[in-house]
Amino acid sequence: MFVTETLLKRNAERIDHLSKRTLTLTPALRALVLTCADHRVDPAHVLGLDLGEAVILGNPGGRVTPAVIQDLAVLAVIAMIEGLDPGFELIVVHHTDCGLSRLGGPEHAEMLARYFRVPAAEVPSKHVTDPWASVKADLEVLRANPLIPRTLIASGVVYDIKSGRAEVVCAPAPLGAKA
Ligand SMILES: [Zn+2]
């Protein structure tokens, strides 16, 4: 059996429950979580997020790449069309033992340069082997980008795969606030 069939079976078992939920386009916690695509850091499990509570964005490393900046810009326009008040919160979650850390060697610098769209010489400033440094670097990228509303509140969190503990590295603050 393909995994798709397994998952469709699981969905069928949930249809009754899901169809009774009335969820709005606005996430209940008015939050977005940017996290690694890693299967061990699913925010529904490690942060206890329930269905409808937060928008989840994922990529290798949970990084603020140019693609993520575009995603956030699109979501900001949707929020504007929906007439949502500003003050959404974005939680950037990086984690220990990240697969992206396996690309820390010079042989992968060109690929990471394309991923982050920076010159290869700037790849070390992305700190792919250090989640504490990388989450700080990504918050700086958000602050520096004019496409992202200044009213967005952003925080940086590191999740430790071994201990199961998440810790705040960059406290929540509006992007427009002085760092
Ligand atoms: Zn990861």
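Heavy atoms only: backbone and side chains are in, while hydrogens, waters and symmetry mates are out. All of these numbers come straight from a predicted model, not from anything done at the bench. Indexing begins at 1, ligand by ligand and atom by atom, following the structure's order.
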For the Zn ion (ligand 1), check which protein N, O or S atoms are under 2.8 Å away and list them. Cys36 SG, His95 NE2, Cys98 SG

Can you pull the side-chain hydrogen bond (donor to acceptor under 3.5 Å, both in side chains) pairs that have at least one residue in residues 41-52, sequence neighbours excluded? none

Among all residues two or more places apart in sequence or in another chain, which pass the side chain to side chain donor-acceptor pair (under 3.5 Å) test with Asp38? Arg40

Residue pairs passing the salt bridge (Lys or Arg N to Asp or Glu O under 4.0 Å) test where at least one lies in residues 52-63, sequence neighbours excluded: Arg63-Asp138

Between Leu47, Leu34, Val158, which is the residue that forms a side-chain contact (heavy atoms from CB on, under 4.5 Å) with Val93? Leu47

Sort out for me which residue in Val92, Asp71, Leu72 forms a side-chain contact (heavy atoms from CB on, under 4.5 Å) with Leu32. Leu72

Criterion salt bridge (charged side-chain N to carboxylate O under 4.0 Å, His left out) on Glu13 and Arg10, from CA distance to verdict: CA-CA 5 Å; Glu13 291 161 8; Arg10 292 188 193 177; over 6 Å; no

